Student: 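The structure under discussion is supplied below as structure tokens; questions concerning it will follow.
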Amino acid sequence: MRPGLEQDTLHASLQDPLLDSIGFLNEIMSRFPQAISFAPGAPHLAHLLDDDITRYAELYVDHVRRTRGLDLHGARRLLYEYGPARGLINDLVAAALREDLRCVVEPESLVITVGAQEAMLLTLRALCRDGTDVLAVAEPCFVGITGAARLLDVDVVAVPEDGRGPDLAALEKECAGLRAAGRRVRAMYVAPDYANPSGTVMDLATRRRLLELAARQDFLLVEDNAYGFTAPEEHRLPPLKAMPGGDRVVLLGTFAKLCLPGARVGYAVADQPVHTPDGRGRLLADELAALKSMVTVNTAPLCQAVIGGMLLEQGGSLTKLARERSALYQRNLGLLLDSLDRHLSPDGRTMPGIAWNRPEGGFFVRMRVPVRADAALLELAASRYGVLWTPMSQFYRSSAGDDELRLSCSYLDAAGIEEGVRRLAAFLRDPVFPSN
């Protein structure tokens, strides 16, 4: 430790309930490596372990040679250098968004980021510049965005979900209250399709009303599209960015779920005009790229090349890949729900105080239990029963989720899901639960 830096001061500077909760979850996962874990919302690796990532990089090199007129040496140099902060594969991503999501975007409106998490951090930093700007979220909310807000000292207001998306009446009331206090909702984070952790899908009417409300109250929507591909094809809805009023939407995405999680490649579509002091104007994407140059400098060109090669191999569209990956996650979700029914409601009657939702897509099932689902309960589940889950309290700003837990089915295979639910059922019959 450096002279003059007291240990107590350092300890106090790192205190944060959200970070403590995430840190404890990571720690308990490392302490109980043999436990079956429903905690991580990580993509399944079944389709990836035999992939030749060198081949994908070479596909991208060949693409660059054809489209930019470079020789082999010049094309490969693009992968070895730092590269532009805005990204290398913007043209391929823009084409895929037009083909797959009907989002008509130009390459210059895209910034290729280190996963969607960096895209969230950059977007919040660009939009919320002082204490008058507030981020709105629907509760429960993904900790990645609320955690980024905490790191940037951006105030957050939460409105409840009503089963179809955010409570828009409550949101409008928050906007009015903040405006009366000389502040404003600058942006709202939304995940319209199978949100993490709630699994909620925003219906088409709510999407339209939310876009109308954003225009009326003059705020932007930050749309997270991570789980839209898992929807059954007959139930897929357009992203907010592709709907009328989508000019108010900053679209964030990731290739982790569909392509390669280890590449850590995401993107932000930020085509909103920004007025500069010199009157020239530029895009919000330019602001994000400038901020990125101060944070990660650039997204690793080799990683971008691998994702670019995967896009090229799929003919510039991820629809086929999305269909294959969606089938796997649909299967896992069905197995999880079926196992819960058999182990917790064998005679059609679920144990008192226990209930769970039944999403049609996404990675997560949300369960209510009749006790506080805190760190002590998680420790009990891990140490005695060899099963892990995620406390829902970290996804709430209030105490509403204290008796809930999240089960992720994405990373496990069929046998792991079945055995994990068997252990979970034994845990829920422990005497710690008042109904036992």
Side-chain angles (χ1 to χ4, degrees), residues 25 28-30 32-51 193-199 201 226-236 254-262 318 320-348 350-351 354-369 378 381-392 404-430:
L25 184 59
I28 204 165
M29 288 173 66
S30 65
F32 298 96
Q34 301 309 312
I36 292 177
S37 182
F38 290 107
H44 204 286
L45 300 181
H47 300 282
L48 300 173
L49 296 179
D50 295 325
D51 272 1
D193 298 289
Y194 306 105
N196 177 8
S198 68
V201 176
Y227 302 100
F229 76 96
T230 67
E233 288 195 40
E234 66 273 16
H235 293 160
R236 288 188 181 169
T254 176
F255 292 102
K257 310 297 189 294
L258 276 174
C259 295
L260 184 66
L318 292 177
K320 179 175 178 291
L321 204 60
R323 192 177 297 119
E324 294 172 357
R325 303 290 196 266
S326 178
L328 184 149
Y329 296 124
Q330 287 281 332
R331 183 208 68 182
N332 275 13
L333 183 60
L335 289 170
L336 176 57
L337 293 170
D338 178 66
S339 294
L340 290 172
D341 288 340
R342 285 187 288 102
H343 288 284
L344 294 176
S345 301
D347 57 358
T350 307
M351 296 166 60
I354 293 175
W356 58 88
N357 66 339
R358 307 187 72 86
E360 294 182 337
F363 286 9
F364 311 106
V365 170
R366 180 179 170 189
M367 176 177 284
R368 177 168 282 111
V369 295
L378 181 57
S383 60
R384 287 194 193 175
Y385 298 96
V387 65
L388 290 165
W389 35 266
T390 302
M392 281 284 290
E404 293 181 319
L405 52 91
R406 189 194 74 177
L407 303 172
S408 173
C409 62
S410 58
Y411 194 69
L412 297 171
D413 57 20
I417 291 171
E418 176 67 17
E419 175 61 17
V421 173
R422 187 193 68 76
R423 296 182 188 186
L424 180 67
F427 159 66
L428 293 173
R429 294 187 181 96
D430 190 280

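As the structure is a computational prediction, the values presented were derived from the model and not from experiment.
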Student: Using 0.5 Å steps for rounding, measure from the CZ atom of Arg331 to the CG atom of Asp338.
Tutor: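 If I round to the nearest 0.5 Å, the distance is 13.0 Å.
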Student: After noting the C-alpha distance and the side-chain angles of Leu412 and His44, does the key distance pass the side-chain contact (heavy atoms from CB on, under 4.5 Å) rule?
Tutor: CA-CA 7 Å; Leu412 297 171; His44 204 286; over 6 Å; no
Student: Hey, are the side chains of Asn357 and Phe364 touching, using non-hydrogen atoms and a 4.5 Å cut-off?
Tutor: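 No - every pair of side-chain heavy atoms lies 4.5 Å or more apart.
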Student: First locate atom CG of Leu405, then atom CZ of Arg368, and finally report the distance between them rounded to the nearest 0.5 Å.
Tutor: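 Result: 10.5 Å between the selected atoms.
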Student: Drop me the distance from Leu260's CG to Leu45's CG, to the nearest 0.5 angstrom.
Tutor: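 Answer rounded to 0.5 Å: 8.5 Å.
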Student: Can you check whether Val387 reaches Val421 side chain to side chain, under 4.5 Å on heavy atoms?
Tutor: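 Of all side-chain heavy-atom pairs linking Val421 with Val387, none is under 4.5 Å.
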Student: Over all heavy atoms of both residues, which pair between Leu321 and Cys259 is shortest? Give the atoms and the distance, please.
Tutor: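 In this case the closest contact between Leu321 and Cys259 is CD2-SG, 4.2 Å.
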Student: For a 4.5 angstrom cut-off between non-hydrogen side-chain atoms, does Ile417 reach Arg422?
Tutor: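 A side-chain contact under 4.5 Å is absent here.
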Student: Take Asp193 and His235 through the test side-chain contact (heavy atoms from CB on, under 4.5 Å) and record every step on the way to the result.
Tutor: CA-CA 10 Å; Asp193 298 289; His235 293 160; over 6 Å; no
Student: With no hydrogens and no angle check, is any side-chain donor or acceptor of Thr390 less than 3.5 Å from a backbone partner on Ala39?
Tutor: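 Pair found, side chain donor or acceptor close to backbone of Ala39.
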Student: Under a 4.0 Å N-O cut-off, is there an ion pair linking Arg358 with Asp341?
Tutor: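 Between Asp341 and Arg358 there is a salt bridge, with a charged N closer than 4.0 Å to a carboxylate O.
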Student: Run the salt-bridge test on Arg236 and Glu233 with the 4.0 Å N-O cut-off and return the result as yes or no.
Tutor: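 Salt bridge flag = no for Glu233 with Arg236.
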Student: So do Trp389 and Arg406 actually touch side chain to side chain, heavy atoms under 4.5 Å?
Tutor: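 A side-chain contact under 4.5 Å is absent here.
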Student: To the nearest 0.5 Å, what is the distance between CZ (Arg429) and CG (Leu424)?
Tutor: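 One gets 9.5 Å once the value is rounded to the nearest 0.5 Å.
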Student: Less than 3.5 Å apart, any donor N or O on the side chain of Tyr411 or Asn332 sitting next to an acceptor on the other?
Tutor: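 Side chains of Tyr411 and Asn332: no pair found under 3.5 Å.
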Student: Return yes if some donor-acceptor pair links the side-chain N/O of Ser410 with the main-chain N/O of Pro43 below 3.5 Å, else return no.
Tutor: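 Looks like no, no N/O pair under 3.5 Å.
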Student: Before you tell me yes or no, could you show the steps for Glu418 and Arg342 under side-chain contact (heavy atoms from CB on, under 4.5 Å), namely the whole-Å CA-CA distance, both residues' side-chain angles and the distance that decides it to 0.1 Å?
Tutor: CA-CA 10 Å; Glu418 176 67 17; Arg342 285 187 288 102; 2.6 Å; yes
Student: Okay, side chain of Arg325, backbone of Leu258: is any donor-acceptor separation there less than 3.5 Å?
Tutor: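 Yes; at least one donor-acceptor contact below 3.5 Å.
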Student: Less than 4.5 Å apart, any side-chain heavy atom of Pro261 and any of Leu48?
Tutor: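 Answer yes - side chains close enough.
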Student: Is there a donor-acceptor pair under 3.5 Å between the side chain of Thr230 and the backbone N or O of Tyr227?
Tutor: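 The answer is yes, because a donor-acceptor pair under 3.5 Å joins these two groups.
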Student: Could you grab the distance from atom CZ of Arg366 to atom CG of Leu407, nearest 0.5 Å is fine?
Tutor: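 Reported value, rounded in 0.5 Å steps: 12.0 Å.
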Student: Testing the basics here: between Ala46 and Leu328, what is the closest heavy-atom pair and its distance to 0.1 Å?
Tutor: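 Closest heavy-atom pair between Ala46 and Leu328: CB-CD1, 4.0 Å.
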Student: Any side-chain heavy atom of Glu404 within less than 4.5 Å of one from Ser198?
Tutor: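 Sidechains of Ser198 and Glu404: no contact.
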Student: Where do Ala226 and Thr254 come nearest, in terms of heavy atoms and distance?
Tutor: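 Here Ala226 and Thr254 meet closest at CB-CG2, 4.2 Å.
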Student: I'd like to know whether Phe38 forms a side-chain contact (heavy atoms from CB on, under 4.5 Å) with Leu388, so could you lay out the CA-CA distance, the side-chain angles of the two residues, the decisive distance to 0.1 Å, and finally the verdict.
Tutor: CA-CA 6 Å; Phe38 290 107; Leu388 290 165; over 6 Å; no
Student: Ring-plane angle category for Tyr329 and Phe363, please: parallel below 30°, perpendicular beyond 60°, tilted otherwise.
Tutor: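 If you compare the ring of Tyr329 with that of Phe363, the planes turn out tilted.
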Student: Just so I know, are the side chains of Leu335 and Cys409 near enough to count as touching, which here means a heavy-atom distance under 4.5 Å?
Tutor: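 The answer is no; the side chains never approach within 4.5 Å.
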Student: Determine whether Glu360 and Tyr194 make a side-chain contact, defined as any pair of heavy atoms from C-beta on separated by less than 4.5 Å.
Tutor: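 Side-chain contact under 4.5 Å: yes.
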Student: What's the spacing between Ile36 CD1 and Tyr385 OH if we round to 0.5 Å?
Tutor: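 The distance works out to 15.0 Å.
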Student: Taking all non-hydrogen atoms of both residues, which atom of Ser408 and which atom of Gly41 are closest, and how far apart?
Tutor: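 Scanning both residues completely, I find the closest heavy atoms to be OG-CA, 3.5 Å.
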